Asker: 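Have a look at this one.
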Amino acid sequence: MSALRWRPLGALLLLWLAGCTQWSPPAGTAASPTLELSATPFFPQARYQCGPAALATLLVDAGVETTPDQLAPQVYLPQRAGSLQPELIAASRRAGRIPYRLDPHWSAIEAELAAGRPVLVLQNLGFSFWPRWHYAVVIGHDARHEGVILRSGTERRQRLPMRQFLYSWQQSDHWALVVLKPGELPANVDSTRYLAELAVWERQGRNTAALRGYLAAVERWPDQPTARLGAGNMLHARGDHAAAAQQYRALLRLRPEDPVALNNLADTLAQLGCRDQALTLIERGLRQPALAPAVRDTMVATRAEISARPATAAATECAAPAAP
Amino acid sequence: MQSRLLKRSLIALLVTQSVALATVQPAAAALISTESALTLEQRQSRLAPLQQALARADVQAKLIEKGVDPQAAAARIANLSDAEIASIQQQIDQLPAGGDGLFAVLGIVFIVLLILDFVGATNVFRSV
């Protein structure tokens, strides 16, 4: 049944799918490696199962207790003899590690290696018109960047000439992934991409990990509005309303009329018992022209909820410190 | 058989997509999630060029000439659904880029009429 379900999308999936292929490189010249994460674990892959093996390599390296066999049911599609990138990403989230797709350059891989993180890559070991997809883990490179060192298939230490590696990698649109502990930032981090990933964690209710990520982001980019919003939301979710209000106020200093910040701060203040201040904020938000209908609806609902609450806190407690 | 399967998976795809859309819509609950905020930001950045264009006097004059109230047009644009915006974006992408000032004005008027047509306010294109 599930095989049937996949068939119509087969053409689409082929682009994403990676089976596993053995590829014996020509014996490389032995250059002295400048960088090799030799403590990276190694799981020789079972037939076609390079996806689970490569992901297990990254996760165990990042401190997760798992094995390819445990991951296989989450990421391996028997009927396609391979794994899909979205499933590797989803399985990484389930293991509590933040997946982050690297920029499509060798230098991004190099920066991660330098930070001590192995990098999962998707390679085409066949031809462009007859692809043989394969997941492997980059663990180092040699002195003159002439060779790349990988955990690949059944080879514990595979050395590929740089040009050959780059060619095989380029065909997957330079797909490369690292997994991060919550609160860790990638070496060359794109704030938008990193925060979009945290927003998924927030939706999935992985609040503690998301909060750690947002707080790390706030520290790195104090003027990043999304980081402030996320941190506020996650503090609010765990009932720390005073700290949440601080984050929303910081966001309002960056974007004085941001309707989302006004709405969320209003709700937070209401939770703190500052009803009048909350109503003032929500009215200020509702006065804005060209509000998206969904936001307007939420704000109207927030206003109704606030109005139904008693004002319990003293006016002095509600005064916003240096808020606009 | 194949086409039934295809139809079924298309429906499944549409259902999952609309579920995804539904989850990013802020619900009645008071807090707006970061994901919703990001979706909104994307939406605003797509709409901003249209809203700026609508604010221009020359564009408004052209619209009035066509019998369209610019204020009504602005209200319509603010209330477009995400799917409608995506569809309009596609049509805009097909328009030739660049051109002189006159072309730009005509292009914007074309887009506004397209939008109004889309939301059923006019039938300029359907009647052709």
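Computed from a prediction, not measured in an experiment: that's the story for all the values here. Naming convention: chains lettered A, B, ... in sequence-line order (proteins, then strands); numbering from 1 in each chain.
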Asker: Please look at V200(A) and chain B and tell me whether the side chain, the backbone, both or neither of the residue comes under 4.5 angstrom of a heavy atom of that chain.
Answerer: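 The answer is both parts of V200(A).
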
Asker: Are there residues of residues 222-233 of chain A that reach to under 4.5 Å of chain B by heavy atoms, and which ones?
Answerer: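 The list, in residue order, reads T226(A), L229(A), G230(A), N233(A).
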
Asker: Could you tell me which residues satisfy side-chain hydrogen bond (donor to acceptor under 3.5 Å, both in side chains) with Q288(A), sequence neighbours excluded, listed by chain and number?
Answerer: none

Asker: Report yes or no: does N264(A) contribute a side-chain atom to a donor-acceptor pair with the main-chain N or O of I32(B) at less than 3.5 Å?
Answerer: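 Side chain of N264(A) to backbone of I32(B), a donor-acceptor pair under 3.5 Å: yes, one is there.
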
Asker: Under a 3.5 Å distance rule, please check whether E202(A) uses its side chain to pair with a backbone N or O of T34(B) as donor and acceptor.
Answerer: yes

Asker: Taking all heavy atoms of A199(A) and all of L38(B), pick out the closest pair and write down the distance.
Answerer: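 So the minimum-distance heavy-atom pair works out to CB-CD1, 4.0 Å.
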
Asker: Any chance CZ of R206(A) has more than 12 other-residue heavy atoms, nucleotides or ligands included, within less than 6.0 Å?
Answerer: yes

Asker: Please determine, among P293(A), A292(A), A210(A), the option with the most heavy-atom pairs under 4.5 Å with chain B.
Answerer: P293(A)

Asker: Under the salt bridge (charged side-chain N to carboxylate O under 4.0 Å, His left out) rule, collect the residues that match up with E219(A), sequence neighbours excluded.
Answerer: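 With sequence neighbours excluded, E219(A) shows a salt bridge (charged side-chain N to carboxylate O under 4.0 Å, His left out) to no residue whatsoever.
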
Asker: Inspect the surroundings of CZ in R193(A) and state if more than 12 heavy atoms from other residues, nucleotides or ligands are less than 6.0 Å away.
Answerer: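 More than 12 within 6.0 Å, yes.
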
Asker: Listed by chain and number, what are the side-chain hydrogen bond (donor to acceptor under 3.5 Å, both in side chains) partners of E41(B), not counting sequence neighbours?
Answerer: R255(A)

